[in-house]
Q: 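Quick one: this structure, given as structure tokens, is what I'll be asking you about.
It should be emphasised that the depicted structure is a prediction, and the values quoted were computed from it without experimental measurement. Letters A, B, ... are given to chains in the order of the sequence lines, protein chains preceding strands, and every chain is numbered from 1.
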Protein chains: 2
Amino acid sequence: MRVPKQERQQLLVTLLEEDPFLTDEDIARHFSVSIQTVRLDRLECRIPELRERLKSVASQQMLGTVKSMQAEEIFGEIIDAELDNKAISIFDVKEVHVFKRNGIARGHHLFAQANSLAVAVLDDDLALTVRSSLHFQKPVRAGDRVVCRATVRKETLKNKSTVVDVLSTVESEPVFSGEFQMYRTTKKGG
Amino acid sequence: MRVPKQERQQLLVTLLEEDPFLTDEDIARHFSVSIQTVRLDRLECRIPELRERLKSVASQQMLGTVKSMQAEEIFGEIIDAELDNKAISIFDVKEVHVFKRNGIARGHHLFAQANSLAVAVLDDDLALTVRSSLHFQKPVRAGDRVVCRATVRKETLKNKSTVVDVLSTVESEPVFSGEFQMYRTTKKGG
DNA sequence: TTAGTATTAATACCAAGTGCTAATCTAAAG
DNA sequence: CTTTAGATTAGCACTTGGTATTAATACTAA
């Protein structure tokens with residue numbers, strides 16, 4: 001008996017978490033026991049067979065496909081844009097965006113939405129954020145739909161930069177506001 | 001013949017892209033042909049069998065697991081923290097963090113690293129960002145390792161809030177700096 | 001009619017299992 | 001020393017979802 005049963009079963013669990021692709025034969029070799037022992041172990045630990053494991057891993061992947069699209073959408077979906085003037089985006093706050101401890105959205109998601117919108121409204125090959133000052137006015141929670149409005153200020157500063165004002169609201173209540181000073185290489189429509 | 005062969009084979013491809021879990025039997029029913037026909041179709045289209053499909057979907061998931069961990073690590077890895085005083089985190093910039101058009105890191109990643117660090121250094125159940133003012137001093141690119149230092153200012157404002165100063169550097173060069181005014185419910189270690 | 005394609009059927013085989021029964025091994029207790 | 005229990009191993013029939021191959025049938029077009 002190389003390794004006591006209990007320990008082996010614990011190892012089995014972590015082993016398959018790391019690599020769910022192992023067949024019973026692989027596992028048997030790994031622990032130097034018979035295939036039958038592996039099967040008993042799986043039975044006792046309620047670990048499904050290889051093919052079922054792959055099925056469930058794969059189905060998570062299919063769910064994840066949707067999820068990772070959402071992850072890219074943390075910037076928010078731009079629903080209206082008038083270049084060099086103003087733009088609007090919406091961002092639906094999910095569980096993944098909030099602190100587990102208090103259910104309040106992490107600040108950088110609101111920042112990301114606003115900053116992305118500020119970049120987008122300038123439609124410039126090289127629009128970079130230089131400075132910004134922000135005000136998180138009210139906590140945002142999962143389920144909230146954040147509407148962000150960006151407005152480009154008409155005056156351009158000496159150093160090729162432009163100021164974009166942003167205001168994010170949830171059900172018409174301001175939750176976040178600020179301004180972004182953006183550096184740009186070219187000025188369009190002026 | 002319900003549907004001509006070519007069309008059926010094209011449909012087969014998209015069908016399995018949408019749902020790779022279908023057995024040949026399922027597919028046969030779907031197109032009202034025999035299982036053998038489905039198998040010939042798969043052969044001609046070089047579509048592998050169910051189990052191989054699941055294997056490849058699942059292996060993408062396992063790669064994705066690493067990826068999504070990285071996605072959660074966009075906040076940066078905290079390498080040193082002295083609660084209510086100062087903390088340091090590092091964030092390795094990857095291709096996914098930069099604008100394709102100019103190769104420069106999106107501002108919200110730098111913000112996220114700094115803001116997360118500001119939250120972490122306060123170690124408070126309810127540390128929220130109230131205001132912040134930021135300066136993006138120098139573009140950051142893929143491959144750069146951003147080191148962010150956060151320092152908690154000693155004086156506490158009337159309204160239960162604390163100011164955290166942050167400075168991010170790449171190879172000792174400042175790239176980003178700012179301050180976060182954080183709201184907190186309790187003050188510890190004072 | 002006859003060739004050529006498309007479809008269906010039938011058979012043997014494989015991998016990776018489940019489910020069940022039976023044998024063996026080992027170690028501790030009486 | 002023997003008994004007993006738990007752990008391990010073995011064997012066999014059966015299941016799924018296939019592959020590979022060969023043969024038969026149907027439809028179509030020249």
Q: In whole Å, what is the span from the CG atom of B/L40 to the P atom of D/dT21?
A: 13 Å
Q: Considering only heavy atoms and no angle criterion, is a donor-acceptor pair shorter than 3.5 Å present between the side chain of B/R51 and the base of D/dG18?
A: no
Q: Five pairs at each end of the helix from C/dT1-D/dA30 to C/dG30-D/dC1: take the axis at both ends and give me the angle between them to 10°.
A: 10°
Q: When you measure from the side chain of B/R42, which nucleotide among D/dG18, C/dT7, C/dA16 comes out closest?
A: D/dG18
Q: Nearest to the side chain of B/L50 - D/dG18, C/dT18, D/dT9?
A: D/dG18
Q: Taking atom CG of B/D92 and atom CZ of B/R145, what is their separation to the nearest 0.5 Å?
A: 4.0 Å
Q: Could you check whether any side-chain heavy atom of A/D84 comes within less than 4.5 Å of a side-chain heavy atom of A/R184, counting everything from C-beta outward?
A: yes
Q: Please compare B/I47 and A/S32 by the position of their nearest nucleotide in DNA chain D and report the one closer to 5'.
A: A/S32
Q: Mind checking what makes ring-ring contact (aromatic ring centres under 6.0 Å, His included) contact with B/F111, not counting sequence neighbours?
A: A/F111, B/F180
Q: Could you check whether any side-chain heavy atom of A/R39 comes within less than 4.5 Å of a side-chain heavy atom of A/Q36, counting everything from C-beta outward?
A: no
Q: Closer to the 5' end of DNA chain D via nearest nucleotide, is it A/Q36 or B/L43?
A: A/Q36
Q: Phosphate oxygens OP1/OP2 of D/dT8: is one of them under 4.0 Å from a side-chain N or O of A/R8?
A: yes
Q: Please work out which of the three classes, parallel, tilted or perpendicular, describes the rings of A/H109 and A/F91, given edges at 30° and 60°.
A: tilted
Q: When Ile, Leu, Val, Met, Phe, Trp and Tyr are grouped by side-chain heavy atoms lying under 4.5 Å apart, directly or through other members, which residues fall in the same group as B/L12?
A: B/L11, B/V13, B/L15, B/L16, B/L22, B/I27, B/F31, B/V33, B/V38, B/I47
